Asker: 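Here it is, the structure, as structure tokens.
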Amino acid sequence: MAEKKERISIREELTQSKGYDIALLTTFNFEIEYFERAILNRLYACGTRKVSLFLDAKELSKAIQKTRVSGLGRRYAVNPIIMNATFHPKISLLAGKGRAKVIVSSANIKTSGYEINHEIFNVFSYDENDQRYADIILDALEFFEKLDQLSFGQDSGLIKEIRQLLRIQSVSRSNDVRLIHNLNLPILEQVISVVDKPVDSIMIVVPYYDQHLSALKEIKKEFNSSELQLYIQNQTSTFPVEINAVEQVADKIFVFEGFRDVTANASDNFYHGKVFSFQTQDGIYMLYGSANCTKSALLLAGGNGGNIECTILEKCNASSRDAFFKTIDVLDRDEKHIESRKMSYEDEWDGCFFYKYGEFADELIIHIGYTAKKQIKKVVVNGAETNYRHAQDEIIIAIESELAASIPPVFDISVLYEENEERFFGWYISRYELIHNRLSEATKNIVIRFDPDADSKRYLGDTMNLLKAYGTCAADLLEQQKTIAGIDRLKSEMNGDSVEEDDDYIVDYEIVDEYSAQYRQYHEVRRVRNELISSFCGEKYLSMPTRFEHERITKKTGGGKKESATRHPTTAEQRFYRFIKAHIKRTCESDFVERVDTRNYLGVVIVYLVIFKRYLYEEPVDLFSPEFVITARVDLLRNLLLTLNNNQQESIDDLIRPIQIGAIDAITDNWKLMLDGIEESERYRYNSLNRDLLLKLESIASVRYQLDPIIEKVCEGKNAKHIENDKRACVDYLSGLFGFMDDNLLKQYVQKIYGNSATLSIDNKVVKIQVFADNLNDYRRPNADLLKEINHYSHNVQRVSTVKIVISAKEVRTDISNPEIRIIQTIDLFYRKLQVQSVRQNGKIDIFNDKRSAF
Amino acid sequence: MNISLTAGPKLNRIEKRFTARDPLGIEGVAASISAEICPVVTIVTPRAFYWAFFTWLYYDYYKHSEKKDRTKNKFDDYVKRQDYYFVLANILADTPDRSGMAGVRKAEQAISKNVNGKYLYDKDYLSAMYGGMQYYNAGCIAMNYILDRNPATDEPYTFPKLHKSGEELALAFESIIKDTEYYKQYRLSSDAVPESVLVEYGKAANIGLKGFDKCKELLRTSLFETKKRSKLSESAAYVKHLKNVVKVQDFGTANLRYVLFDYFSPRGEHHGFNDELGIIIRQWEIVVGRHYFTISLGLIFQYLLNQLTVPMTIDEWVTEAFNNARFSFDVHKNLSSIISECIYAHDVRESYIGDARKQVAPENTLENALRLILSVYNRFSERDDFGEEKKYFYYGEDTGSVSLNMMMEQVQRHADGSILSFLQYIAKNWVIDRHYLTSFEKMLQERDGFFFEIIDDRYKARSGKKYDVGIQGIRLSQLHQIMIDLDII
């Protein structure tokens with residue numbers, strides 16, 4: 001029986017060490033959600049925020065299809081390696097000041113790799129006190145430098161930074177343990193050069209063999225005197241039993257299903273490790289890491305038809321080897337009973353064009369590679385046809401910042417050429433966001449309080465932390481929702497709600513620390529958010545707190561050129577500006593807007609409005625241009641309205657009024673700006689923004705017939721004399737923005753004014769309205785707003801020359817003689833003339849013409 | 001930690017505590033609705049006694065511990081010790097009512113092994129935090145007897161505090177037991193407790209709260225007479241109606257499924273009820289409907305797992321499962337052709353479930369599960385008597401679960417497609433994918449819930465992992481017992 005030793009978790013080795021600033025990782029296939037939630041979050045929690053991942057380009061492409069919403073390119077960089085064979089190494093390098101750690105393993109960064117499969121690994125650390133593995137660290141660093149060159153050098157700075165952090169020197173190179181990769185020479189060739197012959201026996205335990213056993217035959221040939229023993233896991237290995245039966249390559253085959261050192265719970269899980277042991281008279285050499293027993297892994301160099309692999313070759317004693325091999329629970333079964341399987345991977349590009357990489361700094365630059373030059377007809381990025389230019393072996397697309405802002409982190413690309421169309425996904429690194437997320441101070445003090453009046457330095461940090469904690473994009477929101485749902489589910493289990501009545505209901509789970517912390521933070525953020533909402537919705541509504549004074553921000557010089565009246569921003573403020581701009585962009589992405597609930601979105605919008613207020617009015621800084629603020633404000637409010645459809649469980653009745661007022665406030669601010677005299681093109685743009693927002697508001701939270709009280713509130717909220725003096729004009733402007741009503745709307749409007757019994761008919765250019773009233777005095781004059789609407793109707797739907805309103809008394813008064821029983825108001829729309837007939841019970845008719853305009 | 005491992009390759013640690021609970025992540029929806037319409041009382045808090053007992057334990061511990069000892073672990077030791085002697089005392093005093101008492105089996109073993117008539121505390125009695133009372137803690141907090149955070153600042157306390165109302169309840173409890181020898185001599189000592197002392201204690205401290213009139217009064221007020229818990233009062237009124245008007249005797253889960261789902265519904269037997277109960281009746285109907293839907297998906301999962309005998313791609317797996325299934329209808333016909341016939345009486349639904357759980361004719365499982373799903377669809381679609389309670393149809397959507405609304409939408413969407421395509425949709429999206437996602441979430445919590453592995457896109461059943469469909473409890477059952485304990489019915 002092998003000694004039962006406690007196993008160690010690769011994930012914990014990778015993510016539970018403090019003192020490392022940078023993590024470089026490689027993987028073949030990749031599960032975004034696993035990486036971000038199980039690895040990246042924990043790395044961040046330990047202060048390792050500069051994370052860069054090198055991975056197989058085809059696998060990256062598959063991964064982003066499964067999880068299109070993620071922190072890829074924002075919280076970590078990816079470096080795709082494009083090659084015909086497979087990019088297969090699984091090595092991680094963590095580096096901090098004076099210390100480093102290399103983990104070489106067989107595990108891909110995915111749930112199965114780190115949590116389910118039996119995988120092998122080893123850890124080599126370096127610091128000032130222990131420099132035994134300096135060469136492993138240096139070799140790993142060199143390996144990553146080469147990978148960086150093979151990729152697109154997007155994150156080369158990190159590798160330089162590692163050299164500066166470590167200032168590591170090579171010590172006398174040890175033959176006992178070395179890192180072996182195949183970027184220059186095939187793995188087997190390097191093994192042969194190290195392992196002293198003769199080799200007595202070779203033991204191999206890997207899951208994958210090439211279908212002709214080429215690698216195994218080569219090993220046998222090179223070490224011809226040795227006994228070749230294979231350990232094959234039943235049902236999961238690709239070992240070609242039939243080939244071996246014919247060619248007798250292996251001398252001995254041990255079949256196994258699981259491992260002895262774990263309980264039955266996990267014993268039979270898939271073995272994905274790769275271990276080769278060469279026993280010589282001098283000792284035992286163990287080769288382990290990513291390389292399977294395949295031709296492309298062992299016999300070829302990377303880039304020369306082979307995979308790229310990374311392994312450790314270590315000289316061990318027999319007890320170390322046995323400690324590993326004796327954990328394998330070998331069955332009493334011969335090779336004839338092995339059930340092997342075929343590989344089912346699709347790893348070929350199936351088109352001519354393929355995505356290389358993208359980067360968004362001042363503009364979005366996208367690189368698309370191709371295998372053969374084609375006559376391209378059109379390139380469509382995220383639904384919009386885009387200009388492109390040819391460069392060497394690629395086409396390059398540059399999208400200016402404003403347009404790029406609407407492109408989500410993962411987007412569709414379509415290339416049309418000849419008679420074909422190829423579609424694939426693109427992604428990009430958002431440079432500013434990545435830089436900000438990598439800042440070490442961002443690890444601390446995630447939001448506790450947000451004080452709009454805090455001093456400048458604290459304000460910047462608090463605001464950024466608050467927005468980060470809020471989650472201002474779909475990826476963060478999803479992650480937050482999943483974490484909360486997971487913990488709620490666990491709590492529900494702990495409360496015993498998901499068990500049967502007769503079940504043993506004692507549950508003794510603990511919520512792991514990271515998740516408890518996230519849960520606490522979530523509730524803390526919710527508390528801050530609700531405070532903000534209640535303060536803004538309760539008193540100030542969603543208004544910009546002071547008047548949007550265009551002239552206060554910019555003053556016109558004699559030549560009509562605008563001159564800034566604000567101070568220049570500090571470097572920190574510029575960084576803050578980029579951060580906020582990027583966040584606003586993400587907040588407006590449809591993926592986010594479609595998912596987020598109104599309270600959450602409102603909390604974010606309020607923070608942005610407070611920021612605008614601060615840097616436009618209270619402490620004017622040349623950061624946010626008025627044009628940017630106007631557009632962003634309208635976009636945010638419009639999206640906020642869209643989120644009103646997302647709340648199926650929580651009542652949001654209390655938010656409708658503040659949102660109505662906030663939107664009208666924005667529109668009236670823009671209207672006032674237009675009155676203040678701006679260029680025609682700007683006027684058109686503002687008007688268009690206003691109409692867009694107003695119609696969205698009307699469709700979701702109807703305001704058309706509440707404009708007066710809302711305008712009152714707008715004035716109340718901001719002490720806005722500029723509107724107060726001209727409320728009527730403001731209402732008229734808003735009414736005008738609605739455009740016209742159709743028959744149905746007009747009928748509803750009539751009933752709104754005259755009650756549900758009122759009828760409306762339109763015949764031969766005459767609109768006839770029949771009304772039954774309790775008190776005829778209530779309707780002495782026609783409703784001016786209604787006449788305006790009919791006028792719009794006349795212009796836009798069908799011509800109307802006359803409006804006839806017949807108001808009949810519901811009950812004839814008995815207290816006076818000859819009471820009035822009907823009023824007939826006839827309005828000539830063209831001349832705006834009003835004639836009123838008053839019909840009495842005895843048939844007497846009084847007619848008088850109102851000299852005032854009917855409107 | 002900056003260590004190097006060396007001496008050859010190491011194997012990765014993958015063992016985690018395996019949990020088969022709610023493998024599709026869908027049971028929480030009914031639990032959330034239940035928690036809203038029947039707060040505080042859960043299916044594992046069936047006895048009112050423990051709220052009083054637990055509150056008193058806090059009080060007593062505070063009174064007799066130093067500040068440094070007020071830690072969760074030390075309190076846990078104290079709680080378990082008191083719980084142990086309470087259970088022992090009740091068995092030794094031969095009190096007939098022991099329902100809902102945790103740890104009886106272990107205590108009985110201790111009695112059978114005892115030779116000298118003196119009982120030392122058995123530290124291995126119950127391993128979970130707070131032993132048999134762990135679930136009552138939340139109730140004590142919800143009823144404000146115990147405060148786990150400062151109400152003014154919302155900051156958590158390092159050790160919970162007792163509210164004035166908690167002290168009142170504790171004193172009421174203490175007044176009944178304070179004359180016992182156990183209280184006076186043994187409760188704070190580590191000495192072995194003589195049997196006669198325990199018998200005396202067992203006669204005073206009983207789970208049915210006999211003699212604890214003041215405690216009952218306080219608990220009745222906390223549970224049913226505050227505005228905050230008006231929903232619990234509505235559920236209690238429903239229980240009263242069932243007991244007094246409908247004359248329900250059996251408040252077990254199986255019978256409650258019949259009563260709550262079939263008895264009053266306009267799509268069931270449609271018996272009359274007092275208008276005031278309308279909302280709560282419809283809410284419980286949704287809870288049970290949700291249970292049926294959850295069970296149906298569980299049955300499909302159980303069947304699919306049993307079909308995964310060798311590693312297969314998802315398409316191969318689903319195809320194999322359908323090939324081995326038996327259907328009484330042509331699966332290539334439109335789904336709409338069978339929807340209207342899927343209206344079943346309680347015993348038919350239960351027989352579908354019972355057969356599938358017991359693996360009687362497992363080849364019928366897919367058909368029976370589909371019929372159950374469609375019966376839930378028929379029950380809830382186009383119901384004009386639902387008002388605000390319709391919101392429960394959407395529960396689960398924000399947590400990534402499958403809501404009743406999603407189920408109804410998909411039935412309508414697949415109505416003109418084949419039965420097979422709908423079943424395939426369910427198998428892939430609501431069962432296989434959901435299991436992966438749910439297990440993934442568990443894995444992030446350091447638990448293992450995977451019933452299969454995925455190896456190079458092939459699904460392989462994990463050996464030794466057998467899934468049996470569970471059936472969720474219904475809180476009204478426990479509420480009924482609590483109402484008896486508190487002399488309400």
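Predicted, not measured: the structure shown is a model, and the values here were computed from it. Chain A is the first sequence line, chain B the second, and so forth, proteins listed ahead of strands; every chain is numbered from 1.
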Asker: Please determine whether side chain to side chain contact (heavy atoms under 4.5 Å, CB included) holds for the pair B:K10 and A:F324, giving the CA-CA distance in whole Å, both sets of side-chain angles, and the decisive distance to 0.1 Å.
Answerer: CA-CA 7 Å; B:K10 308 289 173 250; A:F324 178 81; over 6 Å; no
Asker: Under 4.5 Å from any heavy atom of chain A, what part of B:Y436 do you find: side chain, backbone, both or neither?
Answerer: side chain
Asker: Side chains of A:N265 and B:K16: donor-acceptor distance under 3.5 Å anywhere?
Answerer: no
Asker: Using side chain to side chain contact (heavy atoms under 4.5 Å, CB included), reason through A:E119 and B:L11 one step at a time and then give a plain yes or no.
Answerer: CA-CA 6 Å; A:E119 303 274 1; B:L11 280 158; over 6 Å; no
Asker: When you compare the side chain of A:Q235 with that of B:K460, does any pair of heavy atoms fall below 4.5 Å?
Answerer: yes
Asker: What distance do B:D456 atom CG and A:N29 atom CG have between them, rounded to the nearest 0.5 Å?
Answerer: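 One finds 8.0 Å between CG of B:D456 and CG of A:N29.
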Asker: Please classify the contact between A:Y34 and chain B as side chain, backbone, both or neither, with a heavy-atom cut-off of under 4.5 Å.
Answerer: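 It is both, since atoms from each part get that close.
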Asker: Of all of A:I120, A:L478, A:V275, which one pairs up most often with chain B through heavy atoms under 4.5 Å apart?
Answerer: A:I120
Asker: If every non-hydrogen atom of B:A7 is compared with every non-hydrogen atom of A:S320, which pair is closest and at what distance?
Answerer: CB-OG, 3.4 Å
Asker: What part of A:E33 is in contact with chain B, defined as an atom under 4.5 angstrom from a non-hydrogen atom: side chain, backbone, both or neither?
Answerer: both
Asker: How long is the gap from OG1 on A:T263 to CZ on B:F18, to the nearest 0.5 Å?
Answerer: 11.0 Å
Asker: Given heavy-atom pairs under 4.5 angstrom as the criterion, report whether the side chain, backbone, both or neither of A:N117 touches chain B.
Answerer: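 Both parts, backbone and side chain.
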Asker: With a 4.5 Å limit on heavy-atom distance, are the side chains of A:R7 and B:I14 in contact?
Answerer: yes
Asker: Any non-hydrogen side-chain atom of B:R13 less than 4.5 Å from a side-chain atom of A:E13?
Answerer: no
Asker: CD1/B:I454 to OG/A:S112 distance, rounded to the nearest 0.5 angstrom?
Answerer: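 Result: 7.5 Å between the selected atoms.
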Asker: Could you walk me through whether B:E453 and A:N269 pass the side chain to side chain contact (heavy atoms under 4.5 Å, CB included) test, one step at a time?
Answerer: CA-CA 8 Å; B:E453 292 176 81; A:N269 290 6; 3.8 Å; yes
Asker: Could you check if a side-chain atom of A:N122 sits within less than 4.5 angstrom of a side-chain atom of B:P9, using non-hydrogen atoms only?
Answerer: no
Asker: Quick one: does B:E15's side chain have a donor or acceptor within less than 3.5 Å of a partner on A:V262's backbone?
Answerer: no
Asker: Drop me the distance from B:N12's CG to A:I10's CD1, to the nearest 0.5 angstrom.
Answerer: 4.0 Å
Asker: What I'd like to find out is whether the side chain of A:E115 reaches to under 4.5 Å of the side chain of B:F450, using heavy atoms alone.
Answerer: no
Asker: Might you work through the salt bridge (Lys or Arg N to Asp or Glu O under 4.0 Å) test for A:R595 and B:E397, ending with a clear yes or no?
Answerer: CA-CA 10 Å; A:R595 288 182 169 95; B:E397 288 182 11; over 6 Å; no
